[in-house]
Amino acid sequence: MHLTADEQAMLDGRDGPGAQLAMRVQVAIGEAFDAPYMVPVERTHVALSNQEADLWFAEKLAAAGAVCRVRPTVNPSFNWKQFSAITDLDPADLETVKRTHDAYLKLGAIMTYNCTPYLEANVPVFGQVIAFSESSATPYVNSVYGARTNRESAQSALTAAITGVAPYYGFLLDENRRGQVLVHVDAPMATDFDYQLLGYFTPRQTGFQVPVFDGLHHPSREALMNLGAELNTGGNVAIYHIVGVTPEAPTVEAAFQGRAPEREVTITQADLDWMREELTDPYGPVDFALFGCPHLTIRQVTTVADLVRGRRLAVPLYIMTSSLTYSLAEKMGYLEDIRAAGGEIFADTCMDQPCWKFLAGKKGVTESPKCAYYTKRRNMSFVVTELERAVQAALEGEIR
Ligand code: F3S
């Protein structure tokens with residue numbers, strides 16, 4: 001790989017062993033992908049996971065004196081102050097949370113603890129080269145904004161943040177952003193939840209190829225958030241295009257960069273109905289409701305508040321969101337409405353965290369297939385359905 005004098009000096013240890021280790025990782029990735037050189041990154045987001053390997057790497061870099069040149073925003077952990085009030089926390093989990101916080105703070109991260117940074121805290125523009133990890137974030141920034149990132153791991157995004165550069169390969173190059181499979185959507189797509197189903201189903205048809213959707217009109221930002229999150233949960237899709245919607249696909253021809261699609265597939269309402277059946281546990285009584293994987297927007301929090309205002313939930317209802325949306329919900333009276341009904345909103349929290357141990361062995365209802373997928377290892381089961389219907393289930397204690 002060709003390195004600039006500045007990059008070579010970092011690799012040789014000029015900026016200390018932390019920066020040197022980070023540059024060694026970046027060079028190794030570049031060599032693995034035959035990248036010719038590095039390019040500067042303008043934004044970074046690290047999928048901090050609050051798990052042992054994440055902590056080990058962050059502490060190792062921090063102890064070696066690494067500091068981020070391009071300060072990253074970070075994924076959620078869990079809000080231990082809020083959870084202490086409702087459940088007993090394992091001291092070992094608490095220690096991991098606090099040490100992870102300290103390590104990332106020392107590295108210079110911006111402690112947003114939010115998995116939708118692309119909506120409010122770290123918003124890239126068209127063509128910007130960035131290094132984002134987090135499975136729901138990568139497709140959003142690549143596809144909806146036309147920014148350029150590879151599907152970074154937490155570690156490679158962090159080393160990009162420290163070095164300020166990323167190897168030039170993959171989705172940073174024009175040719176790899178070209179659509180490969182034309183996906184005709186022959187379904188009404190009336191709700192944001194339909195995009196969850198479409199996202200989860202599509203990789204079964206398109207595999208690792210870049211899908212170009214035709215037949216989707218005016219999806220909301222929540223629908224696009226859902227689509228990306230599930231494309232990267234049901235499969236491994238870091239970029240997609242929607243004809244007439246996303247910036248690199250004003251036309252079908254543009255999405256395929258003037259070439260013919262390698263394949264064409266059609267996804268129908270029957271396919272989405274089948275996916276719904278596959279994703280959900282059987283209907284019936286539920287013990288709780290859990291929303292916000294990815295974090296709910298203020299529009300979605302409004303939907304929940306409107307449905308529960310002045311009523312009493314039959315089972316607890318939990319919402320995960322960003323600290324900004326939490327603060328908005330508080331200022332706008334939604335937090336009070338939801339609490340009065342028997343629910344709670346958590347800032348800075350991911351469902352794949354040990355703070356949810358008290359729900360093990362129970363059955364919930366959620367709007368998120370991603371939530372249902374990740375919590376299987378935590379022995380939770382879920383009915384997966386539209387947000388409005390899930391709230392109704394929490395009000396009644398069952399879903400029919
Ligand atoms: Fe966010 Fe955690 Fe889900 S990071 S998307 S709540 S798995």
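Both counts, for ligands and for their atoms, begin at 1 and track the order of listing.
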Nearest-contact summary for atom 2 (Fe) of ligand 1 - protein heavy atom, Å: C350 SG, 2.3 Å
For atom 7 (S) of ligand 1, closest protein heavy-atom neighbour: M351 SD, 3.5 Å
Atoms of ligand 1, numbered as shown, that sit under 4.0 Å from any heavy atom of N75: 4 (S)
Distance-only donor-acceptor check, side chains Q257 and D174, under 3.5 Å: no
Numbered atoms and elements of ligand 1 in range of K370, under 4.0 angstrom, heavy atoms: 5 (S), 7 (S)
Protein heavy-atom partner closest to atom 3 (Fe) of ligand 1 - residue, atom, separation in Å: C293 SG, 2.3 Å
Close approach of P76 to ligand 1, heavy atoms, under 4.0 angstrom: yes
Donor-acceptor side-chain pairing of E248 and T246 below 3.5 angstrom: no
CZ (F57) with more than 12 external heavy atoms under 6.0 Å: yes
Numbering as shown, the atoms of ligand 1 that approach E134 to under 4.0 Å (heavy-atom distance): 4 (S), 5 (S)
Heavy atom of the protein closest to atom 1 (Fe) of ligand 1 (residue, atom name, distance): C115 SG, 2.4 Å
Short side-chain donor-acceptor distance under 3.5 Å, N226 and E222: no
Ring centroid separation F288 to F382 under 6.0 Å: yes
Between CE on residue M320 and CG on residue N79, distance to nearest 0.5 Å: 12.5 Å
